[in-house]
Amino acid sequence: MKYLKMIKQMSKLLLSALIVVLPAIALWLYLIYGGMYYLDPEYPYEVWNKEFCQTDHNGNVDVLFLGDSAVNAAVLPEKLSDGTYNLSLGGRTSVEAYYILKEFLKNNEAPDACYIGFADTGYLEDQNFYTRTLYFHRLSYEDEKEIFDNAIAFNAESILKENYEKEWKQYRSWSPEKYLPALFNGGFNPALPRNYTKVLV
């Protein structure tokens, strides 16, 4: 009887713990895998860009454009040729362009030409490294680490903001502190039709 009572008590404790922990785990997994449901309209472009760079295009990419929103808005690749693609992302600098091109070349032959351009600020300072590049997980952990290592070596203050290590860990781990505001603003599925339409187009 004593052991049965102990087992019942442990079962109740375990059930109580699961009731608390499982919703938290479910929320965290949703933040990681449900970005298309709640993140803003820039996210689909990030998804497409990453998938494009990680795909082998069998030598069918002739021309690439890289840069920020200025290049993204200025170049309509479909008007140039079937083998022309625009990998520009809003608010990025030459740092992100380098790693995006590096990722593309890791999986593909070099294109015949690659054009890179930015608005003036893109050559002078970080624009959205934290709020876009880290936030959307566009780069790999290794590439992000290399950026921080180089920032330390060259004392790049725009990258080495106060508590940058903590910020980086929060983004890498999909911390609710960083992503819950978007979830509260976007809801659990209103962004899905819009975001998938952007990816499919």
Side-chain angles (χ1 to χ4, degrees), residues 32 35 39-78 80-174 178 198-199:
I32 295 173
L39 289 174
D40 68 50
E42 292 293 322
Y43 184 65
Y45 295 114
E46 308 280 337
V47 172
W48 176 85
N49 187 290
K50 191 170 188 174
E51 290 179 351
F52 183 90
C53 290
Q54 293 177 349
T55 299
D56 182 356
H57 296 280
N58 300 311
N60 292 319
V61 178
D62 302 318
V63 180
L64 284 180
F65 285 87
L66 291 163
D68 57 11
S69 57
V71 179
N72 195 13
V75 177
L76 299 176
E78 65 273 13
L80 299 175
S81 73
D82 291 338
T84 299
Y85 295 88
N86 191 344
L87 298 182
S88 304
L89 293 170
R92 304 312 162 84
T93 67
S94 56
V95 173
E96 288 92 350
Y98 167 81
Y99 286 101
I100 289 171
L101 181 59
K102 175 185 173 184
E103 184 178 54
F104 175 84
L105 294 176
K106 181 180 178 181
N107 299 293
N108 291 275
E109 300 175 14
D112 296 330
C114 180
Y115 300 96
I116 303 176
F118 303 91
D120 293 345
T121 53
Y123 292 102
L124 299 173
E125 60 185 19
D126 161 57
Q127 297 184 63
N128 294 288
F129 179 67
Y130 285 87
T131 58
R132 282 290 182 262
T133 304
L134 295 185
Y135 183 70
F136 289 136
H137 293 250
R138 174 57 192 87
L139 304 178
S140 67
Y141 167 82
E142 291 76 18
D143 288 344
E144 290 176 1
K145 184 177 185 304
E146 188 170 281
I147 290 173
F148 280 111
D149 288 344
N150 287 331
I152 293 170
F154 293 97
N155 194 30
E157 295 181 359
S158 63
I159 297 293
L160 302 176
K161 60 187 291 187
E162 186 177 358
N163 297 321
Y164 74 90
E165 291 179 306
K166 176 185 175 182
E167 292 260 323
W168 183 30
K169 289 176 182 177
Q170 287 178 324
Y171 283 118
R172 287 307 306 176
S173 63
W174 292 86
K178 295 297 183 184
K198 289 180 179 292
V199 170

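Within the structure, salt bridge (Lys or Arg N to Asp or Glu O under 4.0 Å) contacts touching residues 55-66 (residues at least two apart or in different chains) do not occur. Counting only residues at least two apart or on different chains, the side-chain hydrogen bond (donor to acceptor under 3.5 Å, both in side chains) pairs with a member in residues 80-90 are Ser81-Thr84, Asn86-Ser88. Applying the salt bridge (Lys or Arg N to Asp or Glu O under 4.0 Å) rule to pairs touching residues 127-136 yields Asp40-Arg132, sequence neighbours excluded.
A donor-acceptor pair is defined here as one N or O able to donate and one able to accept, closer than 3.5 Å; no such pair exists between the side chain of Asn72 and the backbone of Gly90. Of the possible polar contacts, one joining the Glu96 side chain to the Thr93 backbone as a donor-acceptor pair under 3.5 Å is found. With hydrogens and angles disregarded, no donor-acceptor distance shorter than 3.5 Å links the side chain of Tyr130 to the backbone of Trp168.
One distance of note links CD1 of Ile116 with CG of Leu64; it measures 9.0 Å at 0.5 Å rounding. In this structure, the separation between CZ on Phe104 and NE2 on His57 is 6.0 Å, given to the nearest 0.5 Å. A distance of 12.5 Å separates CD1 of Ile152 from CD1 of Ile147, quoted to the nearest 0.5 Å. If you take CD1 on Ile100 and CG on Leu89, they are separated by 4.5 Å, rounding to the nearest 0.5 Å. How far NZ of Lys145 is from CG of Asp143: 11.5 Å, rounded to the nearest 0.5 Å. Taken to the nearest 0.5 Å, the CZ atom of Phe129 stands 10.0 Å off from the CZ atom of Arg92.
Qualifying side chain to side chain contact (heavy atoms under 4.5 Å, CB included) partners for Lys169, counting only residues two or more places apart in sequence or in other chains: none. Under the side chain to side chain contact (heavy atoms under 4.5 Å, CB included) criterion, Asn60 pairs with Asn58, sequence neighbours left out. Partners of Thr131 according to the side-chain hydrogen bond (donor to acceptor under 3.5 Å, both in side chains) rule, which considers only residues two or more places apart in sequence or in another chain, are Asn128. Judged as a side chain to side chain contact (heavy atoms under 4.5 Å, CB included), and not counting sequence neighbours, the contacts of Ser173 are Ser175. With sequence neighbours excluded, the residues satisfying salt bridge (charged side-chain N to carboxylate O under 4.0 Å, His left out) with Glu167 are Lys161, Lys178. For Tyr135, the ring-ring contact (aromatic ring centres under 6.0 Å, His included) partners at least two apart in sequence or on another chain are Tyr179. Checked against side-chain hydrogen bond (donor to acceptor under 3.5 Å, both in side chains), Asn49 has the following partners two or more places apart in sequence or in another chain: Arg138. Not counting sequence neighbours, Tyr171 has no partner by the side-chain hydrogen bond (donor to acceptor under 3.5 Å, both in side chains) test. Applying the side-chain hydrogen bond (donor to acceptor under 3.5 Å, both in side chains) test to Glu109 and every residue at least two apart in sequence or in another chain returns nothing.
Crowding of Glu157 atom CD: a count of heavy atoms from other residues, nucleotides or ligands under 6.0 Å not exceeding 12. For Phe148, the CZ atom sits in a packed shell: over 12 heavy atoms of surrounding residues, nucleotides or ligands are nearer than 6.0 Å. The environment of Lys102 atom NZ is dense: over 12 non-hydrogen atoms of other residues, nucleotides or ligands sit within 6.0 angstrom.
Side chains of Val75 and Leu80 form a contact here, defined as non-hydrogen atoms less than 4.5 Å apart. The shortest distance between side-chain heavy atoms of Phe52 and Val61 falls below 4.5 Å. The shortest distance between side-chain heavy atoms of Val95 and Asn150 does not fall below 4.5 Å. Annotation: side chain of Phe65 is not in contact with side chain of Pro77 (no heavy-atom distance under 4.5 Å).
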### Task
Give the C-alpha distance, both sets of side-chain angles, the deciding distance and a yes or no for side-chain contact (heavy atoms from CB on, under 4.5 Å) between Val63 and Tyr115.
CA-CA 8 Å; Val63 180; Tyr115 300 96; 3.7 Å; yes

### Task
Show your working on side-chain contact (heavy atoms from CB on, under 4.5 Å) between Thr133 and Tyr99 and close with a plain yes or no.
CA-CA 11 Å; Thr133 304; Tyr99 286 101; over 6 Å; no

### Task
Under the side-chain contact (heavy atoms from CB on, under 4.5 Å) rule, what do Gln54 and Lys106 come out as? Steps first, then yes or no, please.
CA-CA 8 Å; Gln54 293 177 349; Lys106 181 180 178 181; over 6 Å; no

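In this structure, Ala119 and Asp68 approach most closely via the heavy-atom pair N-OD2, 2.8 Å. Contact between Tyr164 and Ile159 at its shortest, heavy atoms only, is CB-O, 4.0 Å.
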